[in-house]
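Each remark here refers to the structure printed beneath this line.
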Amino acid sequence: RGDDARAAARSRYITATGGYPVCMDSDVKYYPLGEEMYADMLRALESAEHFIFLEYFIIQPGKMWDGIAEILKRKAAQGVDVRLICDDMGSLFLLPQGFAREMERSGVKTLMFNPFIPVLSLAMNNRDHRKIMDVDGHTVFTGGVNLSDEYINAVELHGHWKDTGVRVTGEAAWNFTAMFLEFWHAYRPETVNEPLDAFRPHAYHPAPFAGEGWVQPFSDSPLDGEAVSAGVYIDILAQARDYVYIFTPYLIIDDVMQAALCAAAKRGVDVRIITPHIPDKWYVHAVTRAYYETLLQNGVRIYEYTPGFIHAKTFVVDDEYGTVGTINLDYRSLYLHFECGVWLCRTRSVLQIKEDFLAMLPVCQEITLEQCQHVPWYRKLGRACLRIFAPLM
């Protein structure tokens with residue numbers, strides 16, 4: 001079928017650009033809220049018997065992190081191989097001094113990625129924005145959820161925090177393990193010769209895995225000259241026939257992505273985007289709104305989530321395909337950060353993402369072209385000026 005050919009082509013692109021294969025025999029559970037995923041994360045960590053790998057952009061002490069840290073330290077004391085990668089800039093003002101040393105003393109091997117240096121350096125832009133929790137090589141959690149209390153609505157900073165994630169169980173978990181180990185071996189060269197077979201999904205799960213559809217976790221690096229995330233998103237928009245529904249916290253796009261969104265809508269695809277109504281950063285939200293008018297003029301429909309802040313990063317397409325991951329529709333995620341995502345093809349989770357999106361529409365405010373055209377001139381000017389700095393936001 002034509003659909004099969006398009007899916008195969010997209011999968012080949014992901015494999016060719018990162019070496020991450022498409023997998024069957026993998027189950028995907030979709031979480032419409034961070035607090036639902038957190039409960040399963042704790043259960044998975046408690047079940048760990050051999051290793052736990054964590055890689056996160058933000059870690060902040062509180063209910064969420066404290067619950068995880070207690071298990072990590074206890075498991076490490078029991079002999080489980082526990083490793084943690086945390087982006088230094090993402091948690092710069094959130095973690096106490098000596099955090100890495102404290103975790104190391106408790107048996108948790110810890111790496112602070114790309115430590116902040118207060119000098120002008122382009123390398124400081126390349127942050128580790130990935131979110132990975134890998135338990136024994138066969139169960140992995142990813143999505144928008146960082147390890148901080150707002151992500152599970154334990155505190156309220158910007159209204160209700162809407163985030164999403166997935167649990168991948170089975171053969172596809174290996175792609176995430178490989179992503180983590182690539183980083184770990186680069187910065188801990190003494191481990192580079194450890195046998196990889198010890199970390200594969202079946203190493204500690206000899207029984208066959210169950211699953212349906214195709215699952216392809218992938219990574220994106222700013223260092224290889226290939227914008228994989230942008231390529232996947234643009235290809236989805238180019239191939240869509242009926243609809244594309246998108247959750248994104250930020251809508252700060254270049255001309256190519258804007259043209260892809262507009263072209264899909266102009267050829268009759270129902271393109272809808274949900275963004276936050278309550279921002280986490282006012283200036284970023286102002287730039288997001290600066291893109292509304294052009295998109296609306298070309299038929300894209302835009303909604304703002306009125307209860308609070310949307311941090312989810314998902315696409316769902318034609319009841320066939322979806323993506324869930326860490327990749328925002330902004331310049332930093334698409335071109336500057338290390339990111340990860342999961343491309344889904346004909347899995348049960350694809351329809352669950354669609355149901356979640358449609359369930360959010362009644363609590364969203366649809367933005368109209370007339371509203372955008374009646375924004376005061378000085379506000380439009382301010383947004384236009386902020387757009388100059390879009391690549392830094």
Side chain [X], main chain [Y], donor-acceptor under 3.5 Å:
X: T288; Y: V284; value: yes
X: N175; Y: P21; value: yes
X: T326; Y: C340; value: yes
X: T191; Y: R188; value: yes
X: T368; Y: Q371; value: yes
X: D224; Y: E226; value: yes
X: D149; Y: K63; value: yes
X: Q216; Y: V342; value: no
X: S47; Y: L45; value: no
X: T275; Y: E304; value: no

Inspect the contact between [Y] and [X] and indicate whether a charged nitrogen and a carboxylate oxygen are less than 4.0 angstrom apart.
X: R6; Y: D235; answer: no
X: K75; Y: D81; answer: no
X: D88; Y: R127; answer: no
X: K162; Y: D356; answer: yes
X: E339; Y: R130; answer: no

Looking at [atom1] of [X] and [atom2] of [Y], how far apart are the two atoms once the value is rounded to the nearest 0.5 Å?
X: I85; Y: L111; atom1: CD1; atom2: CG; value: 5.0 Å
X: R289; Y: I302; atom1: CZ; atom2: CD1; value: 11.0 Å
X: L369; Y: L296; atom1: CG; atom2: CG; value: 6.0 Å

Check whether [X] and [Y] end up in the same hydrophobic cluster, where Ile, Leu, Val, Met, Phe, Trp and Tyr are linked by side-chain heavy atoms less than 4.5 Å apart.
X: Y321; Y: I236; result: yes
X: V324; Y: F57; result: no
X: W65; Y: V135; result: yes
X: L251; Y: M360; result: no
X: L261; Y: I252; result: yes

Minimal non-hydrogen separation, [X] against [Y], with atom names:
X: F141; Y: D40; answer: CZ-O, 3.6 Å
X: A172; Y: S26; answer: N-OG, 2.9 Å
X: A48; Y: D136; answer: CA-OD2, 3.6 Å
X: A100; Y: M112; answer: CB-CG, 4.0 Å
X: R267; Y: A238; answer: NH2-O, 3.0 Å
X: S106; Y: A76; answer: O-CB, 3.8 Å

Which donor-acceptor pairs under 3.5 Å do the side chains of residues 66-73 make with protein atoms, sequence neighbours left out?
residue : atom : partner : partner atom : Å
E70     : OE1  : R74     : NH2          : 3.1
E70     : OE2  : R74     : NE           : 2.9
K73     : NZ   : E102    : OE2          : 3.0

Contacts of type side-chain hydrogen bond (donor to acceptor under 3.5 Å, both in side chains), residue T164, not counting sequence neighbours: none

Ring centre gap for H129 and F338 strictly below 6.0 Å: no

Verdict with supporting geometry, I59 and L95, side chain to side chain contact (heavy atoms under 4.5 Å, CB included): CA-CA 7 Å; I59 296 175; L95 291 173; 3.8 Å; yes

For the residue pair [X] and [Y], establish whether any side-chain heavy-atom pair is separated by less than 4.5 Å.
X: E171; Y: M24; value: no
X: N126; Y: L223; value: yes
X: R301; Y: V271; value: no
X: V350; Y: V316; value: yes
X: Y56; Y: C86; value: no
X: K29; Y: V166; value: no
X: E150; Y: H311; value: no
X: R83; Y: V108; value: no

Atom CD of E190 with >12 non-hydrogen neighbours under 6.0 angstrom: yes

Mutual orientation of the aromatic rings belonging to Y187 and F183 [parallel < 30°, tilted 30-60°, perpendicular > 60°]: perpendicular

With F180 via ring pair (Phe, Tyr, Trp, His ring centres under 6.0 Å) - residues at least two apart: F53, W184

Any residue meeting ring pair (Phe, Tyr, Trp, His ring centres under 6.0 Å) with Y305, in chain and number order, not counting sequence neighbours: none

Test log, rule ring-ring contact (aromatic ring centres under 6.0 Å, His included), inputs F218 and W343: CA-CA 8 Å; F218 62 92; W343 178 69; 8.9 Å; no

All pairs passing ring-ring contact (aromatic ring centres under 6.0 Å, His included) where residues 226-267 contributes a residue, at least two apart: Y233-F315, Y243-Y245, Y245-F357, F247-F357

Selection residues 12-37 - residue pairs positive for ring-ring contact (aromatic ring centres under 6.0 Å, His included), sequence neighbours left out: none

Residues S229, D220; criterion side-chain hydrogen bond (donor to acceptor under 3.5 Å, both in side chains); working and verdict: CA-CA 6 Å; S229 304; D220 197 0; 2.8 Å; yes

CA sep, side-chain torsions, deciding dist, call: D270, R272, salt bridge (Lys or Arg N to Asp or Glu O under 4.0 Å): CA-CA 6 Å; D270 180 11; R272 305 190 195 193; 3.0 Å; yes

Check against side-chain hydrogen bond (donor to acceptor under 3.5 Å, both in side chains), D163 and Y151: CA-CA 7 Å; D163 217 327; Y151 293 87; 5.9 Å; no

Stepwise side chain to side chain contact (heavy atoms under 4.5 Å, CB included) check, D254 with Y335: CA-CA 11 Å; D254 60 13; Y335 301 109; 2.5 Å; yes

Partner of K354 by side-chain hydrogen bond (donor to acceptor under 3.5 Å, both in side chains), out of D319, T314, D318: D319

Among R346, R241, Q239, the one residue meeting side-chain hydrogen bond (donor to acceptor under 3.5 Å, both in side chains) with E320: R346

Distance-only side-chain donor-acceptor flag, D27 / T169, under 3.5 Å: no

